[in-house]
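To keep things clear, I will list the structure first and then write my remarks on it.
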Amino acid sequence: MSSHEHHAGNPSFNELVYAVVRRIPRGKVATYGQVAALAGRPRNARFVGFALHANPQPGVIPCHRVVFRDGSLAPGFAFGGPDRQRALLEEEGVRFIPPAAGRDNAGDGGWRVDLDRCQWQA
DNA sequence: GCAATGACCTGCT
DNA sequence: CAGCAGGCCATTG
């Protein structure tokens, strides 16, 4: 499998990221660093997000299941709003933790995913 | 081919 | 607990 990768397809980090994200089971979430590690580049967590923004297959790649290391969601660049992403994840059975008890939440700026329960493990 | 960017991560204040 | 800064490396123009 070494002298064959010259014909078609660019086995770039991007393609690997899509493959990993697509393998995330419903009701679970993975962090950018984890996807990067599974893609073979634990230090390239930044490009995981870049990869999803570069060519996200709408309806094919569940990018909404990819969250930060601390459980927070991507600001603005989400599929139309972090609140939208939170709704999708919560509907899939993902557990969420409120920012603070009794404090006015600014949208989802404080909502974090319970990675202790819903982080996907390969 | 070079330079700049970036949906992050970690540590410290 | 929350906010700020720097660093890592691949992709784009």
Side-chain angles (χ1 to χ4, degrees):
Chain A
M1 309 94 149
S2 316
S3 18
H4 291 280
E5 285 91 68
H6 61 82
H7 167 260
N10 225 346
S12 52
F13 187 71
N14 218 313
E15 295 282 326
L16 288 171
V17 172
Y18 300 140
V20 175
V21 175
R22 219 185 317 171
R23 288 169 58 182
I24 302 176
R26 177 177 166 282
K28 297 271 178 171
V29 293
T31 67
Y32 289 97
Q34 182 161 11
V35 175
L38 292 171
R41 252 91 202 166
R43 262 94 168 164
N44 294 30
R46 291 182 100 181
F47 315 107
V48 177
F50 207 65
L52 296 175
H53 186 213
N55 184 353
Q57 296 275 332
V60 183
I61 304 172
C63 7
H64 63 271
R65 287 179 191 152
V66 186
V67 300
F68 281 74
R69 203 39 167 104
D70 37 356
S72 47
L73 309 177
F77 271 99
F79 333 69
D83 47 81
R84 181 75 178 158
Q85 185 174 7
R86 180 177 79 78
L88 285 166
L89 292 172
E90 191 180 51
E91 192 177 319
E92 292 196 350
V94 177
R95 209 144 157 154
F96 271 81
I97 302 175
R103 222 158 134 112
D104 59 311
N105 52 338
D108 302 352
W111 283 86
R112 295 184 286 192
V113 185
D114 191 346
L115 296 174
D116 296 315
R117 281 276 305 171
C118 300
Q119 185 173 192
W120 171 55
Q121 39 181 293

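To find a chain, count down the sequence lines: A is the first, B the second, and so on, and within it residues start at 1. Computation of the quantities below employed the complete heavy-atom set of this structure, encompassing side-chain atoms and omitting hydrogens, waters and symmetry-equivalent molecules.
Residues from residues 17-28 of chain A with heavy atoms under 4.0 angstrom of DNA chain B: there are none.
For the pair A:V17 and A:V66, the minimum side-chain heavy-atom distance is 4.5 Å or more. Within the 4.5 Å cutoff, the side chain of A:L89 has heavy atoms near those of the A:F96 side chain. Using a 4.5 Å heavy-atom cutoff, the side chains of A:V94 and A:R65 are not in contact.
Interatomic distance, OG of A:S72 versus CG of A:D70, reported as 3.5 Å (0.5 Å rounding). Atom CD of A:Q121 and atom CG of A:L38 lie 11.5 Å apart (nearest 0.5 Å). Rounding to the nearest 0.5 angstrom, the gap separating the CD atom in A:E90 from the SG atom in A:C118 is 10.5 Å.
Across the interface with DNA chain C, nearest-nucleotide mapping of A:R43 and A:N14 shows A:R43 to be the residue nearer the 5′ end.
When the options A:V113, A:D114, A:L115 are evaluated for a side chain to side chain contact (heavy atoms under 4.5 Å, CB included) with A:R117, the one that passes is A:D114.
Counting only residues at least two apart or on different chains, the side chain to side chain donor-acceptor pair (under 3.5 Å) pairs with a member in residues 17-38 of chain A are A:N14-A:Y18.
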Base-contact (B) and sugar-phosphate-only (S) positions in nucleotides 7-13 of chain B, heavy-atom cut-off under 4.0 Å, - elsewhere: BBSS---
